[in-house]
Amino acid sequence: MDHLTDLGVAVALFASTNIDDIVVLIGFFSDPRYRPHQIVIGQSLGIAALVLASLAGSLLSLVLAPAWLGFLGLVPVALGVHRLLALREEDSDEAATAGPSIGNALAVAGVTVANGGDNIGIYTPVFATSTAPRLVLFVAVFAAMVALWLAVAHWLVHHPALGAPIR
């Protein structure tokens with residue numbers, strides 16, 4: 001029964017922090033400059049980065065005094081400021097160094113990470129209080145949910161009746 005509860009928690013965690021990603025993914029799938037494989041790779045890399053950052057934050061809870069853990073809430077703010085500064089630099093520097101395929105996948109990953117402050121803010125304390133088997137379950141469920149999110153967004157964009165208005 002505990003595994004079913006953990007499964008439900010994992011699904012709820014992912015869905016509640018990534019419901020906005022459906023809209024972002026629809027935007028990427030609607031843009032002819034992005035190929036589906038670039039979106040899949042980018043989204044997977046972005047979610048992996050968010051999960052790794054959350055795991056790292058949860059490990060900090062082992063070495064930091066509880067009074068200092070509240071400052072981990074500044075991590076999403078720092079990510080947002082970092083992304084804002086990066087966007088300003090991108091506007092002033094128009095030369096691209098990576099190829100379009102890699103660049104597009106990295107752009108999707110960047111948007112996912114920039115949009116993931118809530119993921120880190122919610123995952124970190126949950127991960128900090130979870131056992132290793134529960135963490136493995138969460139990561140597996142998150143991977144499956146990424147695939148589901150990608151499939152739903154792709155389906156919506158290519159749906160016979162819904163696709164045209166969305167695009």
Nearest atoms (heavy-atom pairs only) where T124 meets G57 = CG2-C, 3.6 Å

Would a hydrophobic clustering, with Ile, Leu, Val, Met, Phe, Trp and Tyr connected at side-chain separations under 4.5 Å, put V108 with L45?
-> no

Are I41 and V113 connected in the hydrophobic side-chain network, where two residues link if heavy atoms are under 4.5 Å apart?
-> no

State, to 0.1 Å, how close I120 and S54 come at their nearest heavy-atom pair, and which atoms those are.
-> CA-OG, 3.4 Å

Establish whether L7 and V136 are linked, either directly or via other cluster members, by ILVMFWY side-chain heavy-atom contacts under 4.5 Å.
-> no

Any V9 side-chain heavy atom under 4.5 Å of R134 side chain | yes

Donor-acceptor pair, Q38 side chain versus R35 backbone, under 3.5 Å?
-> yes

In terms of ring plane angle, is the pair F14 and F142 parallel, tilted or perpendicular, where the classes change at 30° and 60°?
-> tilted

Would you call N18 and M145 a side-chain contact if the rule is heavy atoms closer than 4.5 Å?
-> no

Closest heavy-atom pair and its distance - Y34, A107 = OH-CB, 3.9 Å

From the list H37, H154, H159, ring-ring contact (aromatic ring centres under 6.0 Å, His included) with F29 holds only for H154

Minimum side-chain heavy-atom gap T17-L50 below 4.5 Å = no

Would F28 and N104 count as a side-chain contact (heavy atoms from CB on, under 4.5 Å) if you check the C-alpha gap in whole Å, the side-chain angles of each, and the deciding distance to 0.1 Å?
-> CA-CA 10 Å; F28 281 123; N104 284 352; over 6 Å; no

Closest approach of A128 to S58 (non-hydrogen atoms, all atoms of both residues) | N-CB, 3.4 Å

Do I47 and V51 come within less than 4.5 Å of each other through their side chains, counting heavy atoms only?
-> yes

Atom OG1 of T131 and atom CG of L137: how far apart are they, to the nearest 0.5 Å?
-> 9.5 Å

Residues in ring pair (Phe, Tyr, Trp, His ring centres under 6.0 Å) contact with F127, at least two apart in sequence or another chain = Y123

CG/L13 to CG/D6 distance, rounded to the nearest 0.5 angstrom?
-> 10.5 Å

Heavy-atom distance under 4.5 Å between the side chains of Q43 and V24, does that happen here?
-> no

Using a 4.5 Å cut-off on heavy atoms from C-beta on, say whether the side chain of S44 contacts that of V40.
-> yes

What are the two closest heavy atoms between F138 and A10, and how far apart are they?
-> CD1-CB, 3.3 Å

Main-chain N/O of V126 paired with T129 side-chain donor or acceptor, under 3.5 Å = yes

